[in-house]
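Every chain is numbered from 1 and lettered A, B, ... according to where its sequence line falls, protein lines coming before strand lines. Hydrogens, waters and symmetry mates play no part in the numbers below; they use all other heavy atoms, side chains included.
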Amino acid sequence: MSDIRVRIAPSPTGPLHIGTARTALFNYLYAKRTGGTFILRLEDTDVARSTTAFEQDILGGLDRLGIVWDEGPDAATEEDHGPYGPYRQLRRSERHAAAAADLLARDLAYRCYCTPDELEADRRAQEAAHEAPRYVGRCANLTAAERAGREASGRTGAIRFRVPAEVIRWDDLVRGPIEIDTANLGGDFVIVRSDGTPLYHFAVVVDDADMAISHIIRGEDHISNTPKHILLFRALGRAVPEFGHLPLILNPDRTKMSKRKSQTAISDYVAQGFVKEGIDNYLALLGWSPGGASGDEVLSLEELGRRFDLAHVQRGGAVFDRERLEWLNGQWIRRLDPDDLIGRLTPFLEIAKEDGRIDRIPSPDELRALLPIVQERLPRLDAIVDLAGFLWTERIALDRETLVPKRWDPATTRDGLGAARGEIANVGAVSFEADELEPPLRALAERRGWKAGDLFMAIRVAVTGRTATPPLFDSLVALGRDRVLARLDAAIAALA
RNA sequence: GCCGCAUUCGUCUAGAGGCCCAGGACACCGCCCUCUCAAGGCGGAGAUCAUCGGUUCGAAUCCGAUAUGCGGUACCA
């Protein structure tokens with residue numbers, strides 16, 4: 001195992017977001033590729049917005065995607081595992097406090113007693129003067145006596161970090177050299193609130209340092225924050241990690257992907273029948289590519305872990321394209337082995353039964369027998385109900401409109417269905433197989449001068465209620481002789 | 001406003017000075033296969049590589065400016 005340590009640090013203030021999953025995946029793949037360690041840390045300091053339900057959604061979601069972490073809270077028990085715990089930011093407050101005290105003691109930080117009103121007034125004045133908003137440094141050089149005075153008057157004071165004047169440079173793993181002048185950081189920034197709780201920028205750095213994170217791979221929205229983090233790592237006397245900033249995932253209008261404009265919760269995609277292989281594959285290709293002018297893009301997690309590299313990470317943002325996701329999803333569903341597929345289909349059938357879309361749930365054997373004709377027709381797992389639901393419900397649509405094929409009229413349809421019923425009835429229950437059914441029905445069409453396709457369509461709709469179904473004769477077999485005959489009778493009656 | 005990042009077919013991307021009047025994939029169109037729908041095969045359309053200027057014998061690739069978009073600018077994460 002290499003010394004490379006990467007992490008994902010989600011904050012449980014919402015369900016697992018597509019962007020978080022993608023960042024987690026890239027970190028995971030990078031760890032796989034380099035033989036490093038992948039850590040998960042919960043950034044739960046925003047107590048007001050964090051919930052355990054979100055926590056479970058995030059942990060469970062990543063786990064279901066197969067993005068497993070070497071250290072962090074266990075997905076099932078939520079117990080920490082790994083030598084650098086605790087892996088919940090809230091439980092690391094002593095470390096944050098100690099780090100802040102250290103900075104204070106070395107005068108790298110100082111207490112600031114400015115009130116919100118004062119700060120607000122500063123900001124307005126700067127705005128009026130067309131200056132960039134920045135902390136004016138009112139409390140930067142208070143004497144001990146002055147400090148004692150403010151404390152005595154009941155003010156607790158936040159802690160601000162002294163920002164030195166210099167240009168911060170780093171060689172971004174995906175973007176190359178970046179430099180930012182600390183003059184643009186807005187002055188000495190707060191690292192600990194007056195209530196004693198640390199701010200994000202401070203807590204991440206302390207935690208990342210403590211957890212010996214070597215490579216920070218995160219979203220592009222953190223580029224501007226990176227100088228603050230580098231300053232803090234240095235002030236704390238810790239090694240500055242490498243940074244790599246990933247492009248953002250975008251809404252169709254090219255703004256940062258948001259719940260408002262796109263479906264962002266991984267759990268929603270899972271509920272719609274997207275499989276983990278499809279999601280992982282798609283997410284990996286959002287911003288990264290295997291390189292080369294052509295080549296297979298259907299890649300398993302294992303393969304991705306073997307091939308992933310930061311050099312091929314795209315710099316521009318990527319619009320989320322659901323159609324491509326669906327295509328990849330279909331590719332993966334086709335590749336699943338039968339028993340696996342059956343297991344994954346079952347929850348969707350259970351839901352359909354609860355909804356009343358089907359009356360019963362097929363047995364595993366029944367499903368297995370069906371797979372040869374349905375597996376390649378499923379863009380998503382939930383599509384099984386639309387595709388084959390006619391097998392498990394007796395309530396099928398019987399409206400005259402769809403019952404009558406395009407080139408036929410109602411009378412011909414009745415006639416055709418009646419004749420077909422006769423042929424089908426002739427096929428005994430024991431030999432009720434596709435090979436036995438097709439020849440007589442084709443012969444019938446030929447005798448009567450009908451296009452076989454028209455006859456078949458009439459039967460299809462009569463028996464399934466739909467115009468798009470798995471192959472007809474296999475469908476008839478799956479339905480069984482008695483139900484086929486009964487449905488044909490019902491359709492004939494409906495056309496009367 | 002200031003700072004930063006980005007910009008190749010509708011979308012995801014290949015491309016690291018000549019192999020590119022730009023390749024692949026999704027979507028789209030057509031054909032083949034075919035009982036429908038898919039899947040699969042074949043083919044097509046689709047990008048003056050944001051714009052302008054420079055460097056060079058030669059630029060999508062290097063440099064600069066401009067434009068546009070996005071991100072950041074909190075005692076939010």
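- Between A/R334 and B/rG40, a side-chain N or O to OP1/OP2 separation shorter than 4.0 Å is present.
- Between A/H312 and B/rG15 there is a side-chain N or O to OP1 or OP2 distance below 4.0 Å.
- Within the structure, every side-chain polar atom (N or O) of A/R49 is placed at least 4.0 Å from both OP1 and OP2 of B/rA77.
- For A/Q314 and B/rA14, the shortest distance from a side-chain N or O to OP1 or OP2 is below 4.0 Å.
- Residue A/R193 places its side chain closer to B/rC76 than to any other of B/rG4, B/rC76, B/rC3.
- The side chain of A/R377 places no N or O atom within less than 4.0 Å of a non-bridging phosphate oxygen (OP1 or OP2) of B/rU36.
- In this structure B/rA16 sits in no base pair that meets the Watson-Crick or G-U test at under 3.5 Å.
- Across all strands shown, A/I178 has heavy atoms under 4.0 Å from sugar-phosphate atoms exclusively, and none from any base.
- A/G186 comes within contact range of no nucleotide atom at all, as no heavy-atom separation falls under 4.0 Å.
- Contacts of A/R460 with the nucleic acid, taken as non-hydrogen atoms under 4.0 Å apart, include base atoms.
- If you check B/rU68 for Watson-Crick or wobble pairing at under 3.5 angstrom, you find it paired to B/rA6.
- Heavy atoms from other residues, nucleotides or ligands lying under 6.0 Å from CD of A/E127 number 12 at most.
- Between A/Q331 and B/rG40, a side-chain N or O to OP1/OP2 separation shorter than 4.0 Å is present.
- A donor and an acceptor atom never sit less than 3.5 Å apart when one is taken from the side chain of A/S224 and the other from the base of B/rC3.
- Using a 4.0 Å heavy-atom criterion, one finds that A/L119 contacts the bases of the nucleic acid, with or without backbone contacts as well.
- Among the heavy atoms of the strands lying under 4.0 Å from A/L472 is at least one base atom, whether or not backbone atoms are also near.
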